[in-house]
Every structure is written in C-alpha cells, then in structure tokens.
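A quick write-up on the structure given underneath.
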There are 2 protein chains.
Amino acid sequence: MKFEAITIKDIAKALHLSVSTVSKALRGSHEISEETKKHVLAYANEHNYKPNPIAQSLKRGLSKSIGVIVCNIDNNFFSAVINGIESVARQKDYNVIITQSQESYEREIANSEHLSSRSVDGLIISLSAETKRVDHLIKLHDKGLPMVFFDRITDEIATHKVIADNFKGAYEGTRHLVQQGFRRIAHITSSSSLSITLERLEGYKKALADAGLTFEEKYIKLCPHGGMIKEETQQALTELLQMKDRPDAIFTASDRLSTTTLSLLRKMQIEVPQQIALVGFTNSISADIFHPSLTAVVQPALEMGQLATDLLIQLIEAKRPVTEFQKRVLDTELQIRDSSLRAK
Amino acid sequence: MKFEAITIKDIAKALHLSVSTVSKALRGSHEISEETKKHVLAYANEHNYKPNPIAQSLKRGLSKSIGVIVCNIDNNFFSAVINGIESVARQKDYNVIITQSQESYEREIANSEHLSSRSVDGLIISLSAETKRVDHLIKLHDKGLPMVFFDRITDEIATHKVIADNFKGAYEGTRHLVQQGFRRIAHITSSSSLSITLERLEGYKKALADAGLTFEEKYIKLCPHGGMIKEETQQALTELLQMKDRPDAIFTASDRLSTTTLSLLRKMQIEVPQQIALVGFTNSISADIFHPSLTAVVQPALEMGQLATDLLIQLIEAKRPVTEFQKRVLDTELQIRDSSLRAK
DNA sequence: TTTTTTTACGAAAACGTTTGCGCGAAGAAC
DNA sequence: GTTCTTCGCGCAAACGTTTTCGTAAAAAAA
C-alpha cells in the first residue's frame, strides 16, 4: 500500500539529463540554460511533479512543520487559537502537528519529547495546569529548538511570548461587577502555577482595591486542573455557596470553568444573576445563547495563534541567533450580557 | 537555528563500529553479538539517541503521519472527532496533520493535494459543504493513498466509512417533536450534496410519514454553506417565520446551524419553545446551559474519530490490498431538554 | 589437516533531494 | 593563435537510515 509519485530521477531519465541538472532547473538556477529549464518545467508540470518533502527535509535539516501543545482542543479558546496557527502556518507552507496535554504534566513532557524527536522545526506551547517545572522544555530550548509560548507562559525560558492582557481583562470584568453593585465577588480560577492565574488574580484584586473593597482570601477558589475535572469546580462552588456571607457574584477565570460553573448553578437551580452574578473568561461562540447570556472577557484567540506562529517562524528562519525576545500583550474585550446585570 | 541530535554515525564513531552494525544492534538483529548490542544500547540510552524519523520515512517510504481534512476545527463535533483521532494516532505512534476546508471546495482540493504531497500515509476526511465532485480524492485514492471518510461521506470511493446513524437520529428528533404535539415542523439543513443532509432528511420525512403528517417541501430550508455564513441561516429562518402557516417547530441538521438558529431566534425575541420549538443535531458541551436548554441529537464524535483512525491505520498497514470495506454506523443519542417541550 | 559452517561484522547501495566542484566547449580578450 | 572567461551541464557527496551482500575469523565437521 504505497503511494508512488514521480521523482527528479524519473524526469532526468525521460529528458536524458542528469539529476542535478533537473534539480537546478526546477529551482531556476542560473547555471541552467533557459531552454533546458523550459523543458524541465514543462515536463514537471505535465506530470505533476511535487518534490518529496521528506527528502528535502532530510537534506535541509528542516521539516517545515511546527508542533503545538495545548491542554485541550475541545475548547473554544484553544480551537480558535489553533485556527489562527493553522492559517498562518499553511500560508507559509508549514505543517501543524497538534497534541493535547489534557492538563497533565506527564503528557506535556511526553508530547514535547515526541514532537522534538519527530523533528518539528519549532514548538508553540501553552502550559498544562499541572506543570510546575519546565525543565523538559528548557532542555529542548537549550538544544536549539525554537519555541513560542502563548496564554500560559513561563518566565524561565527566554523566547517570544504571546498573551492576552489578563490583568486588564480581569480588572475590567471585576470592575464591571463592582459597578453593577456587587460587593462579595468570588473568583474561581485555575492552578496557581499558571501565569494566567496570577495575572488574572492581580487584576481582580486591583479592581477590588480601586473600588475600596477588601480582598478576602476565602473568596478565591483554585481548581488545579483548570476545570477538566468537574468535581473540582463543583467542590469550589459548593464551598462558596455554603458560606455565611456567601458571594453575590463570581468571576471565573477560564473557558471551561465558566461553562461548568454556569451549568452547575443551573443544576442547583440558583438564579443567575438574581441570586448570584457571573462574569467569565470565555471564547465560547455561544455565550449569547446561554441562560442567562454570559458576560464574557473574550481573548483575541485567533490573533494570538496567528501572532505566535508568525513569531515562531521568524525564530525558525532567523539567519543568526535571536537574542531580543518579545512579549506581546493583546487586548481583551468585555462583552456585557445578562449574567452580570444587577436586577433593578 | 538548527536542532542537532545524535545520530547512528556518532555512535558508530564513538564505539569504533560501523554504521550498519550500530543500526542492526539498535534493532536487535541476531547478526550482532549480545555484547556489542549491550554496548550500543547502553551508549544510545546514555546519549538519548532517537532515530531520525525523517530519514526513516525516506528509507521506508512511509511517513507515520496521517492527514485530516475537516470543514472547521472550531466546532464541537469536529474538535471532538479530532480528539478521538489524535488519541488513537498517538497511541499507534502516528502524527496527525490537521487542515480545514472551511466548507470550501477549493480549499478541500488544495488541502488534499498538499497533504498527499506532504506524503501522509493516509487521509481522514469529512467532505466540505461545497463539494459536489470528488475527482480530486478519486485521483489520490487511485494512486494508492489510503483514506477513510467520516460523517460527510461519498459513495464514489470504495473505502472504509464511519458515520452516525443520521437517519435514526433525525427520525428520533423529529418524532420527539411530533410526540410533543408539534405539527408544522420545519427542517433547516446543509448543502443538498452532503450525504448527511440526505440521510437526515429521510429520517425527518419518515418520522412525519409514520405520524401521518404530510411532508411539505416549503418547510425544508437548505443552507449550502452549512451555517458558516450566518446570513444564509438568517435568510432561511426569516422565510420560515414569514409563512402564513408558519412552522411551530424547527429541526436543525448540524452543530453550527443549531446554535446559529437559537441565537437568531433569541435576537428576534421569539420564545423557544413557546412560539417555536427547536431540536438540533449538536455536540455542544454547553447545550444544557443554552436558553432554553437545547434538545439535541448527539453524535458519538469521539468514537467516530477513534474508529476512523483505527480503520485508516489498518488500511495503511495492510500487507495486501484491502478489498472488503466497512461502513460503520454508530448510534446517536437524543438528549431531551427544554427547547422542544410543549408548553402545558 | 582440510573443508565446511557459523558468527560477527563492514562495505555499499538505496530512499529523493541539494549543492560544491570540475570540465569540456564556445566565445572573448590578448 | 594562445589564454582567459563564461556557459551549461554532470559527477559525486551529503542528509540518517535500512538492508543486502560479502568476508574475515572462529568454530565445527570431515
């Protein structure tokens, strides 16, 4: 079951030329006469010649493919990012190999090693919720594998990074709740080891501070698996709801946490926003048809993917070692809907 | 910026052996003495030797990668399928290269050619909504490229296929609406060239017939781009709503169509299910938090992806040409929620 | 001791490219 | 008429493997 294609050799034989002549003719080398080039090109087109990318990769030492590690593709934020990655990669003739860590540290290590041994030319990564140490990535980076981080990034590796303005997004989301008159605002977020968790927490705190509200540790609930385990979110939510001074609003820090929280509240028959208001980070395309429609901090996911890919390809194709790295921070957008509106 | 790794040559040099000896030792050949094998293995492990997959591919003529063409990754059904594909592929040590047709015939052609020239060992495809002819795929299939179709399949290529039981799914969805007392049930569906469109339409018709309701052509609205173009859905919906004997229920045939329809109805301030009921094919993980929660025909997306991948790898690794092909039909599940319930 | 077999390894070709170099022929410069 | 360029092309090595075949030396059989 092999798929046979025409090779340079076949062309050479057919045209009574040498392999090298054909190769050069195809690449338009000045060493070859116009006439010969024309012949070769014509024959190649006619027989639909496509260079074997594997042979080219072997020769050039570049595979023209990039690896992607995200926690989960089945998620509006990440699928949109991948959409962006794919569009830029395709345009620049790179292949994209996608892998999922499922928020597992083990799988992230396995995937990164598998991808590098599969000789991808570079890596685009968003860290898993379980990841606390990045030695596995440092090792690869030190060996010269270009990488770009997005969303969940690390300070321990000097390279390009692309994130949304998590601080500002969280600040605006929280401030909006404050402005609506909510006072006991809880925050359900991911693993404390993630960069986004910290940044969003800071934005949340600052919004409280600016409004003269005191920050209360008890209103912060961590879900170490970022919502992948429903029970974790359930537990967090239950604890919040059983408090004496139970929160009157919740600010959730990720896509999965937001939808899960809303779903759980609905199951518990708790009215949103009447009994408790909700603002969430989410890129769900259906936030407007949720019950209630969900006020969302939306990240520019597509752009993040595109930008990350652009930066990675820059790194890959750089002639000389790159030493200046960018940390690009893209704006978020607050989409206000019913879930956060104070009942009149 | 190249990523350097240890090769067989390096091992050979270090151990004063020939390249061929090292290669055989690594593969455990009986031609090599136990002692030498031990040395080589030890050295290889110590220096973390990984065979260069590109060189192996070139040699073997197999790339250990499979290509995927779906219309859109940013869609709960397809991302779940890809989830399934990825899990099986990874387990069998295949790479997955994902491409999107965005429901465009042109892009489907471009992607299929790009993937085959990228020498994937096989293809997993769900046809785009625009696709009416599959010559581009026939060409590749005839050349010996193994492929498996899922969801949107074609009869014109003899190979394995994986689909959900679209007829039964549509039948049950429609019958449920009938049982709830709805009589004028419209059907918004995709391009008429898609297999799923026909199958679902048949299920819909049969359910009407079995209930003694007459099928009316005017209640069928096609969206040739499968919901990718919002205006198309808008148009279809508007036409339905302006009828004299306007439908009292809608059955939507795809993920995107379902969410878009619900969103539009909401925007038009039409109460679901009071003014019009809704049942949709969808794999949205959030169907339960929609307003109203959406009655859904759910496809076993993950299983479909896994099964398709299993079948494809069987084809790829088959010793002799395969002539018996399977068409696997997986069960759908009807999840009844508020959007289809007759008000008391 | 001679012949045969076995063992353990190396040489080389192959996969399909790319590329530095060499070389003969034609033309230009002297 | 000799030397120097330039042109157009082919040779061969290289990328990292795998695999066929050949072959020394050691072991076994005669």
Side-chain angles (χ1 to χ4, degrees), chain A residues 1-41 43-44 47-65 93 116-121 144, chain B residues 1-41 43-44 47-65 93 116-121 144:
Chain A
M1 289 293 78
K2 253 270 330 277
F3 181 78
E4 306 287 355
I6 183 175
T7 74
I8 279 192
K9 268 190 191 170
D10 302 325
I11 302 184
K13 208 166 289 173
L15 265 48
H16 302 291
L17 289 170
S18 78
V19 169
S20 46
T21 304
V22 175
S23 173
K24 288 171 190 165
L26 288 170
R27 324 205 87 244
S29 162
H30 60 277
E31 295 186 52
I32 308 297
S33 73
E34 290 306 321
E35 199 181 3
T36 310
K37 281 188 202 168
K38 224 174 269 177
H39 280 141
V40 172
L41 261 305
Y43 189 93
H47 291 75
N48 194 26
Y49 167 79
K50 296 267 178 58
N52 180 325
I54 296 189
Q56 288 182 320
S57 294
L58 182 58
K59 189 66 191 143
R60 295 208 244 260
L62 290 175
S63 65
K64 276 277 185 182
S65 65
D93 206 38
S116 83
S117 84
R118 274 275 167 205
S119 38
V120 292
D121 297 340
Chain B
M1 287 295 75
K2 255 262 341 266
F3 180 77
E4 307 285 356
I6 184 176
T7 74
I8 280 192
K9 268 191 192 170
D10 302 325
I11 302 183
K13 207 164 290 171
L15 266 50
H16 301 289
L17 290 170
S18 79
V19 170
S20 45
T21 303
V22 174
S23 173
K24 290 173 195 165
L26 288 170
R27 327 202 84 246
S29 163
H30 61 276
E31 294 185 53
I32 306 298
S33 73
E34 290 307 321
E35 199 182 1
T36 309
K37 281 189 205 169
K38 222 173 274 176
H39 280 143
V40 172
L41 261 307
Y43 190 92
H47 292 74
N48 194 29
Y49 167 78
K50 296 267 178 57
N52 179 325
I54 296 190
Q56 287 182 320
S57 293
L58 184 58
K59 190 70 190 137
R60 293 208 246 261
L62 290 175
S63 66
K64 276 281 187 177
S65 65
D93 205 36
S116 83
S117 83
R118 272 277 165 203
S119 38
V120 293
D121 297 340

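Per chain, numbering begins at 1; letters A, B, ... match sequence-line order. As the structure is a prediction and not an experimental result, all values here were calculated from the model.
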Could you say whether A:Ala55 or A:Ser18 is positioned toward the 5' end of DNA chain D, judged by the nucleotide with the nearest heavy atom to each? A:Ser18

Which of D:dC11, C:dG16, D:dT17 is nearest the side chain of B:Ile8? It is D:dT17

What's A:Leu17 touching, base or sugar-phosphate or nothing? Going by heavy atoms closer than 4.0 Å. sugar-phosphate

Grab the two heavy atoms, one from A:Val120 and one from A:Ser63, that are nearest each other, plus how far apart they are. CA-OG, 3.6 Å

When you look at A:Leu15 and A:Val22, which way does the side chain to side chain contact (heavy atoms under 4.5 Å, CB included) test go after all the steps? CA-CA 9 Å; A:Leu15 265 48; A:Val22 175; 5.8 Å; no

Spacing between A:Lys13 atom NZ and C:dG16 atom C1', to the nearest angstrom: 13 Å

Would you check if A:Lys13 and A:Lys9 make a side-chain contact, meaning some heavy-atom pair closer than 4.5 Å? no

Classify the nucleic acid contact of A:Thr7 as base, sugar-phosphate or nothing, counting any heavy atom under 4.0 Å across all strands shown. sugar-phosphate

Is the phosphate of C:dG16 approached by A:Gln56 (side-chain N or O, under 4.0 Å from OP1 or OP2)? no

First of B:Leu58 and B:Glu34 reached from the 5' end of DNA chain C, by closest nucleotide: B:Glu34

Nucleotide C:dG10, atom P - distance to CD1 of B:Ile11 in whole Å: 14 Å

Specify the residue among A:Glu31 and B:Ser20 whose closest nucleotide of DNA chain C lies further upstream toward the 5′ end. B:Ser20

When rounded to whole Å, the NE2 to P distance for the pair B:His30 and D:dT20 reads 11 Å

Examine the base of D:dG8 for any acceptor or donor lying under 3.5 Å from a partner atom in the side chain of A:Lys24, and report the outcome as yes or no. no

Protein-nucleotide distance (B:Ile6, atom CD1; D:dT17, atom C1'), rounded to Å: 15 Å

A:Ser57 near the nucleic acid: base, sugar-phosphate alone, or nothing, with a heavy-atom cut-off under 4.0 Å? nothing

Separation of A:Lys50 atom NZ from C:dT17 atom C1', in whole Å? 17 Å

Is a side-chain N or O of A:Lys37 found less than 3.5 angstrom from the main chain of A:Ser29, in a donor-acceptor match? yes

Measuring only between side-chain heavy atoms, which start at C-beta, is A:Tyr49 closer than 4.5 Å to A:Leu26? yes

Over how many whole Å does the gap from A:Glu35 atom CD to D:dC7 atom C1' extend? 14 Å

Does C:dT18 have OP1 or OP2 under 4.0 Å away from a side-chain N or O of A:Arg27? yes

Is the distance from OP1 or OP2 of C:dC9 to the nearest side-chain N or O of B:Thr21 less than 4.0 Å? no

Rounding to an integer number of Å, can you tell me how far B:Lys37 NZ sits from C:dT7 C1'? 12 Å

Of the non-hydrogen atoms in B:Asn48 and B:Ile6, which two are nearest, and what is the gap between them? O-CG2, 4.1 Å

Between A:Tyr49 and C:dT17, is there a side-chain N or O to OP1/OP2 distance below 4.0 Å? yes

Is B:Ser33 near enough to C:dC9 that one of its side-chain N or O atoms lies under 4.0 angstrom from OP1 or OP2? yes

How close or far is atom P of C:dA14 from atom CG of A:Asp10, stated in whole angstroms? 15 Å

Just checking B:Lys9: base, sugar-phosphate only, or nothing, at a heavy-atom cut-off of under 4.0 Å? sugar-phosphate

